[in-house]
**Student:** 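I have a structure here, written as structure tokens, and I will follow up with some questions on it.
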Amino acid sequence: MSQSIAVIEDEASGPVEAWLEEVAAASKQPVEVVREVLAEHGVRAHTALPRPHRLLVTQVEFEGVRPAPVGQQQPGVEGIPFQFLWEPGPGAWCLASTGKNEAGKSSVLEIILWCLRGRAGLQRDVRSWLRRVHTEFELDDEPLVVDMTVTGGIPAGTVVSQETGVVLMSFDGVQAFEESMDAFMMDRLGLEPLRTQQKPRGDVEALPVTGELSWPSYASGLHINRKGLGQLLGNESKNALPTRLLELFLGAPWAPTMVAASVAQKVVSAQLSAARQRAAADAEARRAQLTELSRQLDTARARRDALPEQGQAAANLTAGYRALASATTEAAEAQRDLVTARSRHDILEEQRYALAQAVQTAQEAVLAKAFFHTLMPTVCPRCDTKVSKEQWAREQEGHCSLCTSQLPDSADHVGVTHDEDHVEDADSLRETLVGVQQEVEEAASALAGAQRRASAATEAVVRAEAILNNALQDPGIGERRAEELAVARLEGAVAERKGRFADLDAAIDITPLEVANAILKGAEKAAHARRTAALKEVLKDVENDIVTMGRALGLEMLQRVELGTGATLTVWKGGQQHSYGSLTEGEQLRLKIVTTTALLRHGIRSGVGRHPGLLIIDSPGAEEVDSDDLRLMVQDLVKLTDMAPELQVIIATARGQDVASVIPKGQLRLAPPGERLW
């Protein structure tokens, strides 16, 4: 284990906790903060990778119409129909021709890859010939079929599970097919998108643009052809893809964590750099502003100090301000007293009015009762029935002639009755009214006094304002006052820029980025150390296999190789050191095949390699590769499939006669001499 891994990964803490603690120690941040920042940037610990998945092509079928050769076209005939059907399986399989390069071998491989990755690599003319494509493959023993029609090179179809008959996805169009297969295969193979970042061209200050490489890029690790010789692994040169493929072949733990942390750290680092530039620019602007404000302050003070002293005018002005302040205070108090007096007067006036109304009502009640008791009813007021003599006789007995109720005791029932209770109520109300009336008069007097004081106070304010205005008319007073105000404003501005909060905005902008940058840098370093330690344990065995197989394929001068954890290959041959890119195309092709083969061997032996087990090799028999070396190359691939029966290798070559004896019986599709496969 690298010396940089300072925290021992004991059983108690576990590898993830040990990694987090190491990142916390490196960044000098609490573990809780480390967790939050890593989650915010999508960085997760990948200590163990999912189980390997297996991919096996079981059938490829297509049909269409190609144009007739020049000079052989017939009027009204679209062209020459063609149809192709091939049913490969596990092991090494070969499509071959005899000395004819344009036999359709590479097109078959590209059609297979199109159905598996969703991205078409076919030449445009060949794609325009197709009418229908049907490819069957197994993914973890589940039989799947891609069935599509092709119109003008545009696919439309479905992916169906043959076990259940369920349509897993439908597509219509080139982009739709690629996106659908991308999502489907990434999910089924348990692959993580490869995060990337790069600087926009022509703008050195711009933030990096982030993106993702997914299944079509991973699928380049299934395919070896001469166009992709510039990369040791895969056919693309995009952003660390060969490194990711190396990790895919060997099943390296912590690799996705390292990549995610590295990309996130580069983005945050760019943001931090931009924030620091903004902060520096802001600080410089503040310094320039402070210098200018200080200069203006010195100038304003000099102008103020140069003004003559005003003596009595200044004293008059001060006295005027004080008199105005005192008069204003007195006026405010007088107004409050006036409001209080008016409120009390209004309340008492309402009480007096209510009592007068009550006294009048009580008097009217006494008079009305006396009046109605003198009346002698002759008819019922309800139904107009006449009152009989018998009813009148009852009144002599003390009962009402109409309702028979008991009449109040009285010496004379038909005479005037005096109600002592009502008389007493009226007298009491009159006494209360007299008292309230007196209070109203007192309140009215107080209100009048408050109004006089308020008027006097208002007049005092007017007089004080007039005196102050007269004092302000002195020419020297206005000028000094303006200069003093200017000095006060400039002193405040200078104090603000010299204050302890002057750099607050910059600190808020930069500090979180500095924390995130330190954490992501520590996470990338700790994950890189773990990933590299895991890879280095197996790369020595892979390097030995590369040397052994390389010598067997005609690289007799090959002494040793060094396979770097960044998918680089350093070669020592003939006593000299060479990079992979400096070798000839023939040497690059052979080393690429043997490196891929060695990586697959180790991944299969260890059981952790995550390559899906399908390898498609196009034209391994370059002109400089002699027949014996080509046979040895293909023979080694056959041995590889013998060692791993679930592995499938599909080879296309124009040198069918050289490999016919090596490919197992029934697994070679050889076009007749001078003819096409389809």
Side-chain angles (χ1 to χ4, degrees), residues 316-377 380-382 395 398-403 405-472:
N316 293 340
L317 183 61
T318 301
Y321 276 120
R322 289 176 179 172
L324 178 60
S326 177
T328 302
T329 302
E330 177 65 24
E333 292 177 354
Q335 285 294 329
R336 285 195 295 271
D337 293 344
L338 177 59
V339 170
T340 302
R342 181 176 287 114
S343 176
R344 174 170 173 75
H345 176 269
D346 292 345
I347 292 172
L348 290 170
E349 182 64 27
E350 288 179 2
Q351 291 179 358
R352 185 198 66 75
Y353 179 78
L355 283 169
Q357 290 289 93
V359 168
Q360 184 178 355
T361 300
Q363 289 175 342
E364 289 175 353
V366 171
L367 294 174
K369 188 170 185 181
F371 171 74
F372 283 113
H373 281 187
T374 64
L375 298 179
M376 296 181 65
C380 176
R382 174 67 175 170
E395 287 211 2
H399 296 278
C400 178
S401 60
L402 296 179
C403 64
S405 298
Q406 182 74 34
L407 292 172
D409 293 336
S410 176
D412 184 5
H413 293 296
V414 296
V416 177
T417 304
H418 298 284
D419 191 332
E420 295 178 358
D421 292 338
H422 283 83
V423 172
E424 290 176 0
D425 289 343
D427 292 341
S428 175
L429 288 171
R430 274 192 295 271
E431 291 176 2
T432 304
L433 177 59
V434 171
V436 171
Q437 181 65 39
Q438 184 177 355
E439 290 183 8
V440 169
E441 291 173 356
E442 293 173 354
S445 177
L447 176 59
Q451 287 174 333
R452 288 192 297 272
R453 287 195 301 275
S455 298
T458 301
E459 291 173 358
V461 170
V462 172
R463 288 194 300 272
E465 287 177 343
I467 293 171
L468 179 60
N469 286 332
N470 289 333
L472 289 172

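The first residue in the sequence is number 1, and the count goes up from there.
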**Student:** With rounding to the nearest 0.5 angstrom, report the CD to OG1 distance, Gln351 to Thr432.
**Tutor:**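 Between atom CD of Gln351 and atom OG1 of Thr432 there are 10.5 Å.
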**Student:** Can you give me every donor-acceptor pair (side chain of residues 448-461, partner residue at least two apart or in another chain, under 3.5 Å) with its distance?
**Tutor:**
from: Ser455; atom 1: OG; to: Gln451; atom 2: O; distance (Å): 3.0
from: Thr458; atom 1: OG1; to: Ala454; atom 2: O; distance (Å): 2.9

**Student:** Throw together a table of side-chain donor-acceptor distances under 3.5 angstrom for residues 324-336, partners on residues two or more places apart or in other chains.
**Tutor:**
from: Thr328; atom 1: OG1; to: Leu324; atom 2: O; distance (Å): 2.7
from: Thr329; atom 1: OG1; to: Ala325; atom 2: O; distance (Å): 2.9

**Student:** According to the salt bridge (charged side-chain N to carboxylate O under 4.0 Å, His left out) rule, which pairs have a member within residues 342-361, sequence neighbours left out?
**Tutor:**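 Matches after skipping sequence neighbours: Glu349-Arg352.
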**Student:** Check residues 435-446 and write down every donor-acceptor pair under 3.5 Å in which the side-chain atom is one partner and the other belongs to a residue at least two apart or another chain.
**Tutor:**
none

**Student:** Return the CG to OG distance between Leu348 and Ser343, rounded to the nearest 0.5 Å.
**Tutor:**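 OG of Ser343 is found 9.5 Å from CG of Leu348.
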**Student:** Apply side-chain hydrogen bond (donor to acceptor under 3.5 Å, both in side chains) to Glu431 and list each qualifying residue two or more places apart in sequence or on a separate chain.
**Tutor:**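 Scan of Glu431 (side-chain hydrogen bond (donor to acceptor under 3.5 Å, both in side chains), adjacent residues dropped) gives none.
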**Student:** If you round to the nearest 0.5 Å, how far is CG of Asp337 from CG of Leu447?
**Tutor:**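 If we round to the nearest 0.5 Å, Leu447:CG and Asp337:CG are 11.5 Å apart.
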